[in-house]
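Below is one structure; the comments refer to it alone.
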Amino acid sequence: MSHPSTRRPARGWAAAVCALLLAPAVAAVGPTTAHASPGADWLTTDGNQIVDSTGNPVWLTGTNWFGFNTSERVFHGLWSANITEVTRSMAERGMNIIRVPISTELLLEWRAGQAAPASGVNTFANPELEGMTTLEVFDYFLELCQTYGLKVMLDVHSAEADNSGHIAPLWYKGSITPEDFFSTWEWVAERYKDNDTLLAYDLQNEPHGQPGEPRAKWDDSTDVDNWKHAAETAAERILAINPDALILVEGIEVYPKEGQTWDSPRVNAQNEGNYYNYWWGGNLRGVRDHPVQVSAHQEQIMYSPHDYGPLVHEQPWFRGEFDKESLTRDVWGPNWLYLHDEGVSPLLMGEWGGRLGQDPRQDKWMFALRDLMIEKRIHHTFWVLNPNSGDTGGLLLDDWATWDEEKYAMLEPALWQHDGKFVGLDRQVPLGGHGSTTGISLGQYLGEATTDPAPTDPVPTDPPTEPEPTDPPTDPGPTDPGTTDTELTVRYRDASSSPTSGSINPVLDVVNSGTKTVDLSTVTVRYWFTRDGGPSSFTTWCDWAAVGCADLDLRVVTLPTPVTGADAYLEVSFTAGTLAPGASTGDLQLRIHKSDWSPFDQSDDHSRAAGPGMGANAHITAYDAGALVWGSPPA
C-alpha cells in the first residue's frame, strides 16, 4: 500500500500569531562506558534502557514546546503567558524533559552573533525577559529548567526559520546546506558541553519524502540525501566535542520492500507498492539492515520514532478494525517497536498526541499507544504544550494558562511517578523545584537523598499522618460470608486530575497490618463507583503494579440494585504471592473506562477520595476468603 502524498499540514501557528509539554523502583543494571562523574545528570544507553551516569534506569517522560523553530524565533505563547509560570507548571505537572524545536537558520544566526531581539515576547507578561535576544531567552529558559529540575532536548525541527518549515523533507534547503546542519550542531555541542540541563539532541525532525521526489533514504551510501549517513556525520562531530550528549536519530517515511531498491518506482506493474510507508520520521525499518554506527561512544546513540492518529492523517491501518494488539503486531512492531523488543536500542517517541473526543478511532489509537509506552517503559515527549497546534491542539488551552484537564488525565499515567510523586532526572533538584509538593529528584528516588536539600525550604517536623481506619463491620452480611483473623489496610490515591473524565484511575496499595503472613491468592479488593450512564461493558487495565500486572485479575461487577455511591465495583484479585506482616503489595495503578469512552462523574462515588497523597481509604473494601477484613461497603 502506498502512503498518500498528502503532507501533514502546518500545525496552525499562523492563526495564533495573528491573534498574538508511577512508576516503580527499577532494578539497577550495570552501566556501559560512563563519561560523567557520579552526581552528573548525563545519560547513556544500555540495551533498550536509558541509564544515568551510575547505571540506574530512568524514564524520560515530557512534552514539546515549539516556537524557536518558527519565524518568531522564540517560544510561542510568550505574547501572553509568563515563561516562568509555564515552565514551573510543566515541572509541577510531571514533565521531566522538554523537547524544544529549533531551526538551523536560527542556530546560524546565534553562532554569528546575530541573535535578534525577542520581538515575540510580551514584556508586560514577561518582565524578566525585558531587552533579551532570542538566544538570551533560550538560555534563560535553561536556567529556569535547572531551577525546577527539568531537562531539555533540542530538536532541529527544520532547516529554515519558518512556521511550516517542517514540511520540507530534508535537513538542508535553499541556502541552508548540509555543512550548515553539521556545523551548527557542533556549535551547540561546544556552547553547552558543560550544561547537563541540555542533555539530549534530536538531530532532525521527521526526514521524509516519497520515491520520485526529494526524499530521505536510509542505506550505507554516502549520498547527500542518505539520512543514516547524515545522522552518523552529525553524531560523530557532536560526540567529539561532548561525549556525554544523548543523540536521538529519527526514522524516515518510506523504505524499500524486499527485492526492491531506492531506484524502484513507487508502485510496480501490478500496481502494488514497492515501499513500506509510515509516518514522517517514524519508519525505522532500515536500522535492522543498516544501524547507525559511530567510531566512538556508540552507547550515546538511540532512536526516536513519531506516531499519530487518524485526525492527523488517514493511514491505511485506521480504515478497518484495529486495536492495541493489531497495531503492535502489524504497525508499530515492524516499523520501530522491534528495536526495543530485541534489545537493540531504547526508543523515545518524540511526537505523539492529538485531540480527544472527536473521533473514537483517534481516542482508541491514543490510549493504545499510551498503554504500550507504559507497559514497555518507552520514553516519550507528548506533542504538544502549545494550544496553537492546528491538527493536535495542546495541553494548554487557548489562554496559555489553563490546562486541558481531560487531555492531561490521559497523559498523566504515562509520566514517571513513584510513591505518588513525579520523578525528575536531576539528581539534586526535585521536579518542580526545591520545596516541590508534587515531585522528587532522581537522587531522592534512588535513595541518595531522603529530603529536599535546599537549606531555605521549610522542612516538616513530623511526617503527615494517615487517617485511622474505621473498624470493619462485625457482621459481614450475606455477601461477605465467613470469618478470618487476617488484617489488611487498603491505601489509595486518585490518579485522575479531575472527577469528570473518561476513565477512573485508582492507585491501590494493600498492606498487611496484622501479625500473620497473608496468602494473596485468597484476597480480593473492591473499588466502588457509579457508572453514570452509557454502556454496561467496561475495559479494565493494569497500567503498572509492583507485584506485576500478570499477577492481577480485574473485573467490573454491576450491582443488581444500586446503592448510595455505587452501582458497580472493580474487583481486584491476586493469582499468587504472599504478604509478610507489615509488608505491602506496592502501587497497583489501575484504570477503568466504558466501551464508548463516555465520561464518568466520580464526585459522588463511594470509593473516591480527593487529594494527591496516598492514604488509608476505608471506603475501599478488602476480603480474605470472602470475609470482609477492611473498609465499609456502600449501604
Results of side chain to side chain donor-acceptor pair (under 3.5 Å) for K364 - residues two or more places apart only: none
Main-chain N/O of L311 paired to Q362 side chain as donor or acceptor, under 3.5 Å: yes
Residues W59 and N96: side-chain donor-acceptor under 3.5 angstrom: no
W383 ring center within less than 6.0 Å of Y308 ring center: no
L431 backbone acceptor or donor facing S436 side chain under 3.5 Å: yes
Close side-chain approach of N512 to P581, heavy-atom, < 4.5 Å: yes
Partners passing salt bridge (Lys or Arg N to Asp or Glu O under 4.0 Å) against D404 (at least two apart in sequence or in another chain): none
Note, V287 side chain near S345 side chain (heavy atom, < 4.5 Å): no
Side chains of M614 and D587 in contact at under 4.5 Å (non-hydrogen atoms): yes
Parallel, tilted or perpendicular: ring planes of F367 versus H593, cut at 30 and 60 degrees: tilted
Side-chain (S304) to main-chain (L348) donor-acceptor, under 3.5 angstrom: yes
Under 3.5 Å: donor-acceptor pair, side chain of T585, backbone of V510: yes
Contacts of Y148 that satisfy side chain to side chain donor-acceptor pair (under 3.5 Å) - sequence neighbours left out: R88
Derivation and outcome, side chain to side chain contact (heavy atoms under 4.5 Å, CB included), residues R427 and L446: CA-CA 9 Å; R427 298 189 92 88; L446 296 173; 3.6 Å; yes
Side-chain donor or acceptor of N283 paired with backbone N/O of Y276 under 3.5 Å: yes
Salt bridge (Lys or Arg N to Asp or Glu O under 4.0 Å) partners of residues 561-579, not counting sequence neighbours, each pair once: R526-E571, R531-D567, R555-E571
Cation-pi, Y255 ring and R285 (6.0 angstrom, 45 degrees): no
Option among L395, N64, T61 that satisfies the side chain to side chain contact (heavy atoms under 4.5 Å, CB included) test with F382: L395
Pair listing, disulfide bond (SG atoms under 2.5 Å apart) test, anchored in residues 514-565, at least two apart: C542-C549
Side chain D604, main chain G565, donor-acceptor under 3.5 Å: no
Worked verdict on D551 versus L520 for side chain to side chain contact (heavy atoms under 4.5 Å, CB included): CA-CA 10 Å; D551 288 338; L520 282 174; over 6 Å; no
Check against side chain to side chain contact (heavy atoms under 4.5 Å, CB included), E351 and R99: CA-CA 9 Å; E351 292 185 18; R99 181 174 179 259; 3.0 Å; yes
Residue pair D419 / Y445, side-chain donor-acceptor N/O under 3.5 Å: no
V629 side chain near V523 side chain, heavy-atom distance below 4.5 Å: no
Check: W416 ring centre within less than 6.0 Å of F422 ring centre: no
Listed partners of A583 passing side-chain contact (heavy atoms from CB on, under 4.5 Å), at least two apart: L579, A580
Flag side-chain contact, heavy atom, 4.5 Å: D341 against K376: yes
Inter- and intrachain pairs under disulfide bond (SG atoms under 2.5 Å apart), touching residues 579-609, at least two apart: none
D202 versus M153, closest heavy-atom pair with distance: CB-SD, 3.9 Å
Validation row: N335, D307 side chains within 4.5 angstrom (heavy atoms): no
Minimum side-chain heavy-atom gap Q444-H418 below 4.5 Å: no
Residues forming a salt bridge (Lys or Arg N to Asp or Glu O under 4.0 Å) with D359, sequence neighbours excluded: R361
Parallel, tilted or perpendicular, as decided by the 30° and 60° cut-offs, for the rings of F318 and W279: tilted
Closest non-hydrogen atom pair between F574 and L588, with its separation: CZ-CD1, 4.0 Å
Backbone of S607 reached by a side-chain donor or acceptor of N617 within 3.5 Å: yes
Between CE on residue M373 and NE2 on residue H380, distance to nearest 0.5 Å: 5.0 Å
D605: partners by salt bridge (Lys or Arg N to Asp or Glu O under 4.0 Å), with sequence neighbours left out: none
Spacing of CG belonging to L248 relative to NE2 belonging to H379, to within rounding of 0.5 Å: 9.5 Å
Under 3.5 Å: donor-acceptor pair, side chain of D532, backbone of D601: yes
CG on L508 to CZ on R491, rounded to 0.5 Å: 11.0 Å
Residue list, ring pair (Phe, Tyr, Trp, His ring centres under 6.0 Å) with Y527, at least two apart or on another chain: Y492
Considering all heavy atoms, the nearest S389-V384 contact: CB-CG1, 3.5 Å
Expected output: side-chain H606 to main-chain V563 donor-acceptor under 3.5 Å: no
Pair S513, W630: side-chain N/O donor-acceptor within cut-off below 3.5 Å: no
Residues that S326 engages under side chain to side chain donor-acceptor pair (under 3.5 Å), provided they are two or more places apart: D323
T522 side chain to D519 side chain, donor-acceptor N/O pair below 3.5 angstrom: no
All salt bridge (Lys or Arg N to Asp or Glu O under 4.0 Å) counterparts of R591, not counting sequence neighbours: D371, D543
D52 (side chain) donor-acceptor with L425 (main chain) under 3.5 angstrom: no
Sub-4.5 Å side-chain heavy-atom contact between L552 and V572: yes
